[in-house]
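Since the structure comes first, as structure tokens, the remarks are kept for the end.
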Amino acid sequence: MIRIKKWLRQAKIAIIWSIAATLLLLSGCSTSAKQDIFDAASTKDQLSIRYFDLQSGEDTGDSILIQTPDGKTMLIDAGIPQVGSQVVKYLDKLGVEKIDVAVNTHPHADHIGGFAAVLQSKEISTMVMENLPYDSNAYRNAVQALQEKKVKIEYLEDGATFQLGKDVSVEVLNPPKGALPGAVKRFSFAEVNNQAMVLRVSYKDKTFLFTGDIYKEREYQLVESKGEALKADMLHVPHHGNKTSSSPAFVKAISPQIAIISSNILQSTDIVKRYENNGVKVYVTGLHGNILITSDGKDMNVITEKEWQSE
């Protein structure tokens with residue numbers, strides 16, 4: 001019975017991926033690889049955002065590296081503990097030895113887990129986190145590594161801002177000011193995810209919104225409270241493209257040109273279609289592999305590692 005259930009799950013995933021590939025192909029939103037995604041020299045004069053393709057037999061989570069034209073680096077999340085070495089490998093390929101700012105959007109294992117491995121081989125100047133202690137081995141191991149390396153920790157919330165180099169600014173839109181740690185009572189997935197850090201990154205004329213794992217409930221609240229401040233050219237699709245998130249009101253409020261789903265397993269073709277129906281080009285790490293977004297502050301370019309159409 002267990003084997004049958006496992007086979008059915010694998011078959012279902014395969015069908016979903018096949019449908020997704022067809023939908024994306026029809027939309028014309030894929031981008032052929034035009035250069036080596038890990039050729040750091042070719043993007044040194046631009047803002048670069050790399051979505052790491054993390055592979056495992058389970059959901060691997062997020063890890064995104066931002067590099068500024070003046071050489072500053074910010075790593076947003078580091079996936080589950082099992083893929084921490086993959087994050088390190090990608091950083092090695094880019095020649096990154098120091099991370100100026102590391103961000104943990106929330107304490108779930110698929111976002112904080114890989115930091116323990118990253119800290120073993122890379123220097124982190126500042127760790128930005130939520131004020132939300134969490135009872136898990138992944139959280140404890142990451143915090144222990146931070147303490148052993150004597151990394152400066154900053155707990156940020158709505159209203160906080162900081163600079164990443166000269167021309168890149170970062171604004172925190174979530175969690176609400178003063179909410180944590182008290183707002184989380186039962187530590188349900190919904191409670192913790194809705195408190196996930198939301199970051200608005202601005203570089204000249206372009207904006208990039210990173211949303212962690214927030215659910216529709218928090219999306220509605222942000223639409224109401226932030227209004228125009230939510231508009232962005234690029235959107236990190238909330239909660240790995242899961243149906244818990246990406247409400248029509250939220251998608252409309254952001255009105256992005258491109259949306260990135262960070263997930264090794266496509267969660268919902270309906271969510272992909274929702275973005276596409278709003279004129280948004282969608283990219284998925286599980287289909288496209290590693291993804292590179294570059295910008296000179298006026299235009300954006302997306303380069304994907306895989307030409308999934310031919311697979």
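Quantities reported herein were computed from a predicted structural model and do not represent experimental measurements. Numbers for residues simply follow the sequence, beginning at 1.
Formation of a donor-acceptor pair under 3.5 Å by the Asp100 side chain with backbone atoms of Thr73 is found in this model. For the pair Glu219 (side chain) and Ser246 (backbone), a donor-acceptor distance under 3.5 Å is present. Not a single donor-acceptor pair under 3.5 Å links the side chain of His236 to the backbone N or O of Leu209. Although no hydrogens or angles enter the test, the distance criterion places no donor-acceptor pair under 3.5 Å between the side chain of Asp53 and the main chain of Ile291. Within the 3.5 Å criterion, the main-chain N or O of Gln147 finds no donor-acceptor partner in the side chain of Lys150. Side-chain atoms of Asn104 come within 3.5 Å of backbone N or O of His106 as a donor-acceptor pair.
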Margin query: Could you go through Phe210 and Asp62, starting from their C-alpha distance and side-chain angles, then the distance that decides it, and tell me whether this counts as side-chain contact (heavy atoms from CB on, under 4.5 Å)?
Written below: CA-CA 11 Å; Phe210 298 89; Asp62 290 348; over 6 Å; no
Next item on the list: Would you sort out whether Val96 and Gln67 count as a side-chain contact (heavy atoms from CB on, under 4.5 Å), showing the intermediate values?
Entry: CA-CA 10 Å; Val96 175; Gln67 293 176 291; 3.5 Å; yes
Next item on the list: Could you please spell out the steps behind the side chain to side chain donor-acceptor pair (under 3.5 Å) verdict for Asp270 and Ser268?
Entry: CA-CA 5 Å; Asp270 289 340; Ser268 170; 4.6 Å; no
Next item on the list: Begin with the C-alpha distance, continue with both residues' side-chain angles, and end with the deciding distance and a verdict on salt bridge (Lys or Arg N to Asp or Glu O under 4.0 Å) for Asp299 and Lys206.
Entry: CA-CA 8 Å; Asp299 299 308; Lys206 292 299 177 184; 5.5 Å; no
Margin query: I'd like to know whether Lys298 forms a salt bridge (Lys or Arg N to Asp or Glu O under 4.0 Å) with Asp233, so could you lay out the CA-CA distance, the side-chain angles of the two residues, the decisive distance to 0.1 Å, and finally the verdict.
Written below: CA-CA 11 Å; Lys298 292 184 178 180; Asp233 300 290; over 6 Å; no
Checklist line | Step-by-step side-chain contact (heavy atoms from CB on, under 4.5 Å) determination, Gln267 to Ile265 | finding: CA-CA 6 Å; Gln267 303 293 326; Ile265 299 174; 4.2 Å; yes
Checklist line | Trace of the side-chain contact (heavy atoms from CB on, under 4.5 Å) decision for Leu230 with Leu173 | finding: CA-CA 9 Å; Leu230 283 180; Leu173 304 182; 4.0 Å; yes
Notebook entry, point to check: Can Asn137 and Arg140 be said to form a side chain to side chain donor-acceptor pair (under 3.5 Å), step by step?
Noted result: CA-CA 5 Å; Asn137 288 333; Arg140 284 189 289 270; 2.8 Å; yes
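Separating the NZ atom in Lys89 from the CG atom in Leu54 is a distance of 9.5 Å, to the nearest 0.5 Å. The line from CZ of Phe208 to CD1 of Ile293 is 8.0 Å long, rounded to the nearest 0.5 Å.
Each of Val280, Ile254, Ile258, Val302 was evaluated against Met234; a single residue qualifies, Ile258, per the side chain to side chain contact (heavy atoms under 4.5 Å, CB included) test. Residue Asn193 forms a side chain to side chain contact (heavy atoms under 4.5 Å, CB included) with just one option from Thr244, Ile214, Asp213, and that option is Asp213.
Looking at Tyr90 and Leu65, their side chains never come closer than 4.5 Å, going by heavy atoms from C-beta outward. Looking at Tyr275 and Ile261, their side chains never come closer than 4.5 Å, going by heavy atoms from C-beta outward. Using a 4.5 Å cut-off on side-chain heavy atoms (C-beta onward), Met129 and Phe115 make no contact.
Contact between Gln120 and Lys149 at its shortest, heavy atoms only, is O-NZ, 4.3 Å. Taking all atoms of both residues into account, the shortest heavy-atom contact from Thr207 to Ser202 is CG2-OG, 3.6 Å. The two residues Asp59 and Ile80 come nearest to each other via the heavy atoms O-CG2, 3.6 Å.
By the 6.0 Å contact criterion, NZ on Lys252 is open, its count of non-hydrogen atoms from other residues, nucleotides or ligands being 12 or less. Counting heavy atoms of neighbouring residues, nucleotides and ligands inside a 6.0 Å radius, atom OH of Tyr220 exceeds 12 of them.
The aromatic rings of His108 and Tyr134 sit perpendicular to each other, their planes meeting at more than 60°, with 30° as the lower class boundary.
For the salt bridge (Lys or Arg N to Asp or Glu O under 4.0 Å) test, no residue two or more places apart in sequence or in another chain qualifies with Lys216.
Salt bridge status for Asp158 with Lys226: present, with a side-chain N to carboxylate O gap under 4.0 Å.
Each side-chain hydrogen bond (donor to acceptor under 3.5 Å, both in side chains) pair with one or both residues in residues 164-176, not counting sequence neighbours, appears once here: Asn174-Arg218.
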